[in-house]
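Every value quoted in this text rests on a predicted model; they were computed, and no experiment measured them.
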Amino acid sequence: MPSETPFSAVTRVLLDRWLTTSAEKPVQPETIFAPALDLLSIKMRLTVFRLVGDDPWNWEMKAIRHSGFTSRVLNINQLFADCKIGEFKDRRYMEEAVIPRLREVISTQQPRIELVKTKLLGLSLGYDRILMPQKNVASPEWIISSSYARFLLTRPRQEENLDVADEAITQLLIEGATAKEIAASLGLSHRTVEHRLSRMKDRMGARNTVHLAAMLVATHLDRTNN
C-alpha cells in the first residue's frame with residue numbers, strides 16, 4: 001500500500017478541521033490550518049486570502065508558510081510575497097488560475113482539490129492545490145490555499161508538446177536527479193522514465209542525458225537574455 005504523500009496528509013488534516021466548523025459560528029483560518037503546519041513539506045506553501053469587498057483585485061494574499069522549493073528560473077517566495085491580488089506581478093495568472101477558483105469556492109462554500117497546470121511569467125507551472133473557504137452564513141471572509149509544487153520550467157523551443165509527466169521529468173533532471181530518483185519521485189517505472197528521456201534526447205538532438213539537461217538550461221537562459 002503506497003504511503004501518504006505530504007499533500008494528502010495536509011489535505012486530510014485541513015478537511016477534518018474544516019468539517020468540525022459551523023457556518024453559524026464562523027471561525028478564523030488559524031483554527032483550520034494550525035494542526036497542519038508541522039506536516040507541510042519543503043515543496044508546500046500555505047496562504048490565506050482575505051476577501052476584502054467584492055472586487056477580487058482588492059483581496060489580500062498573506063503567506064502563512066513559504067515554500068522551500070527553489071528554482072534557478074524563478075524566486076517563488078519573492079513573487080508570492082504578501083500583497084493584494086491586484087498588485088501581483090502576473091495579472092494573467094491571477095485571472096486564469098486563481099480568481100475563477102476563488103469565486104467558485106466562495107459560491108459553493110465547499111473545498112476544491114485539483115492539479116493546476118498553468119503559466120506563470122511565461123514558465124510552465126504545475127502544482128497540487130486545495131482551496132478551503134470559511135463556512136459563513138453570510139459569505140466567506142477568507143480562503144485557505146495550500147499547494148504542493150510539482151514542476152516549474154520553460155518549455156524547450158524544439159518541443160512544444162510536452163505532457164505533464166515530461167515536464168516533471170525535465171524539471172527533476174535540471175535539478176540533478178537521476179533516472180531512478182525521478183522514477184521514485186513521480187511514481188513511474190524506471191523504464192518509463194528512460195523511454196521518455198530517450199524520446200526527448202532524440203527530439204532535441206542531445207547526445208546524452210547530461211547534454212539534454214544542459215540544453216534545457218541553456219534554452220531558458222537564451223530566453224531570459226533576449
Side-chain angles (χ1 to χ4, degrees), residues 1-21 29-49 61-71 73-77 79-81 93-94 96-102 104-106 108-120 123-135 140 142-153 162-177 180-189 192-193:
M1 183 176 180
S3 59
E4 189 175 38
T5 66
F7 180 73
S8 296
V10 169
T11 297
R12 173 176 51 78
V13 172
L14 292 176
L15 287 171
D16 286 347
R17 295 289 290 186
W18 183 83
L19 288 170
T20 65
T21 64
E30 293 81 1
T31 302
I32 307 295
F33 68 67
L37 290 178
D38 289 340
L39 300 176
L40 294 171
S41 74
I42 193 171
K43 296 179 73 174
M44 296 187 69
R45 290 178 53 83
L46 195 143
T47 302
V48 172
F49 290 91
M61 182 172 64
K62 180 175 178 56
I64 304 302
R65 180 70 59 83
H66 282 294
S67 170
F69 177 66
T70 59
S71 168
V73 299
L74 191 65
N75 187 325
I76 291 290
N77 292 334
L79 181 63
F80 285 88
Y93 167 75
M94 286 294 175
E96 296 179 356
V98 178
I99 291 176
R101 294 296 183 255
L102 296 180
E104 179 180 326
V105 298
I106 290 170
T108 63
Q109 292 203 30
Q110 293 293 322
R112 179 184 177 92
I113 303 172
E114 60 186 336
L115 168 61
V116 180
K117 184 184 177 187
T118 186
K119 289 278 192 177
L120 179 62
L123 305 178
S124 296
L125 177 67
Y127 56 93
D128 294 302
R129 176 174 67 190
I130 180 171
L131 293 173
M132 182 167 293
Q134 179 194 43
K135 288 184 184 178
W142 51 259
I143 295 172
I144 296 170
S145 173
S146 184
S147 58
Y148 177 81
R150 288 202 183 192
F151 57 89
L152 170 65
L153 75 161
L162 292 181
D163 60 20
V164 171
D166 279 348
E167 291 187 336
I169 288 170
T170 301
Q171 174 63 37
L172 292 171
L173 179 66
I174 290 173
E175 293 176 359
K180 287 184 178 180
E181 291 169 340
I182 292 171
S185 178
L186 299 179
L188 300 174
S189 71
T192 295
V193 172

To the nearest 0.5 angstrom, please state how far the CD atom of Glu30 sits from the CH2 atom of Trp142.
8.5 Å
What distance separates Leu131 CG from Arg112 CZ, expressed to the nearest 0.5 Å?
8.0 Å
Check whether any side-chain N or O of Arg45 sits under 3.5 Å from a backbone N or O of Ala63 as a donor-acceptor pair, and report yes or no.
no
Apply side chain to side chain contact (heavy atoms under 4.5 Å, CB included) to Phe80 and Thr47, showing your working.
CA-CA 9 Å; Phe80 285 88; Thr47 302; over 6 Å; no
Student check: side-chain heavy atoms of Ile76 and Leu120 closer than 4.5 Å
yes
Below 4.5 Å, heavy atoms only, C-beta onward: do Phe33 and Val10 meet side chain to side chain?
no
Whether Trp18 side chain and Pro133 backbone form a donor-acceptor pair below 3.5 Å
yes
Pairwise side-chain contact, Pro29 with Gln134, heavy-atom cut-off 4.5 Å (strictly under):
no
Search all heavy atoms of Leu39 against all heavy atoms of Ala9 and return the closest pair with its distance.
CD1-O, 4.1 Å
Interatomic distance, CZ@Arg129 vs CD1@Ile113, rounded to 0.5 Å, equals 12.0 Å
Heavy-atom pair with the smallest gap, counting every atom of Ala97 and Arg101
O-CG, 4.1 Å
How many angstroms lie between atom CZ of Arg17 and atom CE of Met132, to the nearest 0.5 angstrom?
11.5 Å
Walk me through whether Asp128 and Thr5 qualify under side chain to side chain contact (heavy atoms under 4.5 Å, CB included).
CA-CA 11 Å; Asp128 294 302; Thr5 66; over 6 Å; no
Any idea which heavy atoms bring Phe49 and Val98 closest together, and the distance?
CZ-CG1, 4.1 Å
Measure the spacing between NZ of Lys43 and OH of Tyr148 and express it to the nearest 0.5 Å.
4.5 Å
List the steps and the verdict of side chain to side chain contact (heavy atoms under 4.5 Å, CB included) for Leu79 and Tyr93.
CA-CA 12 Å; Leu79 181 63; Tyr93 167 75; over 6 Å; no
Within the distance-only criterion (no hydrogens, no angle test), does the side chain of Ser67 pair as donor or acceptor with the backbone N or O of Ile42 below 3.5 angstrom?
yes
How close do Asp16 and Thr20 get, counting heavy atoms only, and between which atoms?
O-CG2, 3.3 Å
Have a look at Thr11 and tell me which of Leu15, Leu14, Val13 forms a side chain to side chain contact (heavy atoms under 4.5 Å, CB included) with it.
Leu15
I need the Ile32 CD1 to Leu46 CG distance, nearest 0.5 Å.
11.5 Å
Decide side chain to side chain contact (heavy atoms under 4.5 Å, CB included) for Leu37 and Ile64; before the verdict, give the C-alpha distance in whole Å, the side-chain angles of both, and the deciding distance to 0.1 Å.
CA-CA 9 Å; Leu37 290 178; Ile64 304 302; 4.1 Å; yes
